[in-house]
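Presented below is the structure to which this report refers.
What's counted below: heavy atoms across the whole structure, side chains too, no hydrogens, waters or symmetry copies. Keep in mind that this is a model prediction, so the values were computed, not measured. Order of the sequence lines fixes the chain letters, A, B, ..., with proteins taken first and strands second; residue numbering starts at 1 for each chain.
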There are 2 protein chains.
Amino acid sequence: MGEACHHHHHDGPPTAADVERALGDADARLTAEGERMTAARLRVLELLLAAGEPVKAYDLIARFGTDGQPAKPPTVYRALEFLERKGLAHRIASISAYVACSSGTIDHSAAFLICDCCGATEEVAAPVAEGLDRAARAAGYAIVRTTVEAHGRCPACLAA
Amino acid sequence: MGEACHHHHHDGPPTAADVERALGDADARLTAEGERMTAARLRVLELLLAAGEPVKAYDLIARFGTDGQPAKPPTVYRALEFLERKGLAHRIASISAYVACSSGTIDHSAAFLICDCCGATEEVAAPVAEGLDRAARAAGYAIVRTTVEAHGRCPACLAA
DNA sequence: TCAGTGGTGTTATGAGATAACATCACATGC
DNA sequence: GCATGTGATGTTATCTCATAACACCACTGA
């Protein structure tokens with residue numbers, strides 16, 4: 001993360017109420033779909049939502065226990081895999097971190113704008129698909145999933 | 001890599017002559033730029049070129065010595081960092097692998113089509129930048145570098 | 001010839017992720 | 001009720017990926 005400029009307070013984490021609401025929504029939706037929103041999955045999603053920015057898996061592991069006890073790695077990685085599969089979280093490959101999905105739409109190919117200075121990320125709806133789809137068609141590839149991540153500076157860090 | 005279909009021979013590696021020529025070109029170009037194309041850097045580039053597809057860092061480490069002796073990790077990671085900085089190689093974050101740059105143009109933002117079946121990759125010139133740039137402008141971000149990787153099936157694996 | 005810069009060699013360790021296997025919870029059919 | 005199958009979890013160990021730190025070397029320019 002920060003290498004050149006100081007850390008700023010960007011968007012910041014959502015309020016506790018926001019987190020609760022999002023958790024409730026997710027729980028209700030997945031339960032309705034016949035999925036099991038277990039304690040571990042809810043806890044990991046809660047941590048991601050509360051952070052409001054990408055979080056490293058081992059940070060989730062460290063923060064997992066409400067009593068300060070860390071989780072075992074597979075506990076968190078399994079929850080992340082589930083959340084990702086269900087579109088509630090995304091892995092950001094270029095920084096090996098995970099973030100709650102901020103888009104309401106299910107089954108989307110997300111793209112991210114990532115500030116290398118303060119760590120803020122913005123999830124933007126696949127405005128990229130067009131160009132990539134065109135290239136894929138030209139090459140004869142059938143795309144299953146995409147990783148689109150742009151690194152740079154957020155408005156706040158640019159202003160600083 | 002392969003999970004569903006068998007491994008096919010896709011494009012395959014280039015001929016030894018192709019590799020030699022590309023190595024010579026890279027050497028000449030960087031030397032002209034005042035960079036030092038050292039043995040380790042040339043060797044890693046040679047391995048990447050010869051593979052003709054993404055290679056894991058520890059595979060490069062294992063293949064490094066012509067006598068079968070592996071390299072020490074930093075040797076290869078340093079060479080990769082240099083090659084990437086100079087536009088001769090790319091890291092593919094979604095699979096933690098490295099590939100020789102197949103584009104002639106310097107200083108480009110590459111995008112990749114990656115076959116999850118046979119491992120073939122196609123480097124396509126940033127046809128993606130448009131959409132992403134637009135989104136970044138809208139969000140006020142200044143983009144420095146991008147990671148664009150599409151996973152799916154290549155034509156050969158689709159046909160199989 | 002001496003300092004500065006950039007590259008290499010080496011050791012060790014940090015960070016990210018998963019394999020394997022035992023156990024548990026829960027829904028469904030009998 | 002209770003057997004049975006499926007999916008989730010707990011636990012241990014390990015594997016893969018990547019870099020920190022420090023000593024040494026090669027080249028360049030004052």
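A distance-only check finds no donor-acceptor pair linking the side chain of A/Arg153 to the backbone of B/Ile143 [under 3.5 Å]. Looking at A/Thr31, its side chain does come within 3.5 Å of a backbone N or O of A/Asp27 through a donor-acceptor pair. No donor-acceptor pair closer than 3.5 Å links the side chain of A/Lys86 to the backbone N or O of A/Ala26. Counting only distance, with no hydrogens or angles, the side chain of B/Glu149 and the backbone of B/Ser94 share a donor-acceptor pair below 3.5 Å.
One atom, CE of A/Met37, and another, P of D/dA8, lie 12 Å apart when rounded to the nearest Å. With rounding to whole Å, B/Leu83 atom CG is found 14 Å from C/dG7 atom C1'. Per the geometry, CD1 belonging to A/Ile95 stands 15 Å off P belonging to D/dA18, to the nearest Å. Rounding to whole angstrom units, CD of residue A/Glu35 and P of D/dG7 are separated by 10 Å. Per the geometry, NZ belonging to B/Lys56 stands 13 Å off C1' belonging to D/dA18, to the nearest Å. In this structure, A/Phe82 places its CZ atom 13 Å from P of D/dG7, rounding to the nearest Å. Atom P of nucleotide D/dT19 and atom CD of B/Glu81 are separated by 8 Å, given to the nearest angstrom. Atom pair B/Ile61:CD1 and D/dA18:P shows a separation of 9 Å (rounding to whole Å applied).
The pair A/Glu33-A/Arg29 counts as a salt bridge, with a side-chain nitrogen and a carboxylate oxygen less than 4.0 angstrom apart. A salt bridge links B/Glu46 with B/Arg43: the distance from a Lys NZ or Arg NE/NH1/NH2 to an Asp or Glu carboxylate oxygen falls below 4.0 Å.
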Between N or O atoms, less than 3.5 Å apart, protein on one side and nucleotides 4-6 of chain C on the other: list the pairs.
none

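Judged purely by distance below 3.5 Å, without hydrogens or angles, the side chains of A/Glu123 and A/Ser102 pair a donor atom with an acceptor atom.
DNA chain D lies under 4.0 Å from at least one heavy atom of each of the following residues of residues 69-78 of chain A: A/Lys72, A/Pro74, A/Thr75, A/Arg78.
If you chain together hydrophobic residues whose side chains sit under 4.5 Å apart, B/Val55 and B/Val99 never meet in one group.
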Give the C-alpha distance, both sets of side-chain angles, the deciding distance and a yes or no for side chain to side chain contact (heavy atoms under 4.5 Å, CB included) between A/Thr147 and B/Phe112.
-> CA-CA 10 Å; A/Thr147 296; B/Phe112 297 93; over 6 Å; no

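When the side-chain nitrogen and oxygen atoms of B/Thr38 are compared with OP1 and OP2 of C/dT8, one or more of them lie within a distance under 4.0 Å.
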